[in-house]
Every structure is written in C-alpha cells, then in structure tokens.
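Have a look at the structure below before the remarks.
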Amino acid sequence: MTLNRLAPEAARLARRPVLQAAIIAGARCGEREQYRDLFDRNRSAPPVMWAAQQAAAQKLCARCPVRPSCEELALRDGTGDRASDDLVRGGRRGQELAIDREIRQAARIATAVTADWQQLLELAATARGAAGASVTDDVVVARHDNTMPVAA
C-alpha cells in the first residue's frame, strides 16, 4: 500500500494529515486548471448542465486512486448539505455525504473528527514545548459544525 492508494478501511482509520497528504500526492483532479470548476455547481447553470457536470466529476473520481481518502476527508470536514445538491467530493454528491455523516456514520465520523483534533492539539503542545514556551492546560471547546476547536 502506498500513501496515495489508501483502501477505504485504511482511509477511515487514518488521521487527517495522512488523508491530506494522500490527496495531494495522488488526486487525479489535483491543482489542474481544467478541473477547477468541475466539482462545484455554478448556480447560473441550468439543472441539465449540472447533471452532466456532476456525472463527469463522478466519472473522474471513480478512476482516482485517492477517492477513499477524498471521501473520508469530505465526510470529516462536514462537506455537503441534505437540502442542496451543489457539489461532488470523493465521487459522492453533497447530499449523499451529508446523509452518511449525519445518519449512517455519525458516530464513526464524530470519533474520527475528535481523534483528528486531539492529534492536532498534541502536536501543537509538542511544538510549543519544543519552542521553549510554557505549556498550560488548554480548555478545548469543540464546535458542533466540526470546524477548528478553540483553545481558551
């Protein structure tokens, strides 16, 4: 198994930096200009255009070696909305991601997000300690929308 070819189960167990590195290393869409607008809906485009664009995005994702990593990161980031069909991430529509995150895999995703932030806080504490700063007990407030926790 190489970094840019994580199997779905390995992607579910990986921490955020590993998922991000895999995507950067091997995503078919990457930083390519021709794909910049493929994955997000242009609100002025008619539904039939978005359907074709969405199908093209899903086809590209289906052949991508990092699709499981991209899907997992989208789930953890809170990407997608059940009320809106406006994006594709990891080969999945935004509505599908929202349903998985909020209903089908809610406990697993919440556990993964918590572990990601815990690792980030531990790394920050280590960095502060290595820099000679005094490390204090930080109070962490996790937000309900899975965005960056705030250290008080």
So how far is it from [X] [atom1] to [Y] [atom2], rounded to the nearest 0.5 Å?
X: Arg108; Y: Arg12; atom1: CZ; atom2: CZ; value: 5.5 Å
X: Ile99; Y: Gln105; atom1: CD1; atom2: CD; value: 12.0 Å
X: Arg63; Y: Lys59; atom1: CZ; atom2: NZ; value: 6.0 Å
X: Met49; Y: Ser44; atom1: CE; atom2: OG; value: 9.0 Å
X: Leu87; Y: Asp81; atom1: CG; atom2: CG; value: 9.0 Å
X: Gln54; Y: Asp40; atom1: CD; atom2: CG; value: 11.0 Å

Would you indicate whether the side-chain heavy atoms of [Y] and [X] approach each other to under 4.5 Å?
X: Leu60; Y: Val88; value: no
X: Ile109; Y: Asp100; value: no
X: Ser69; Y: Ile23; value: yes
X: Arg76; Y: Arg15; value: yes
X: Arg16; Y: Gln119; value: no

Asp77 with Arg101: basic N within carboxylate O range, under 4.0 Å:
no
Expected output: side-chain [X] to main-chain [Y] donor-acceptor under 3.5 Å:
X: Glu72; Y: Glu9; result: no
X: Gln53; Y: Asp37; result: yes
X: Arg92; Y: Gln58; result: no

[X] versus [Y], closest heavy-atom pair with distance:
X: Phe39; Y: Cys61; result: CE2-SG, 3.6 Å
X: Ala11; Y: Leu19; result: O-CD2, 3.6 Å
X: Arg43; Y: Ser84; result: NH2-OG, 3.3 Å
X: Trp50; Y: Asp85; result: NE1-O, 3.1 Å
X: Ala22; Y: Val66; result: O-CG1, 3.2 Å
X: Pro65; Y: Gly26; result: CG-O, 3.5 Å

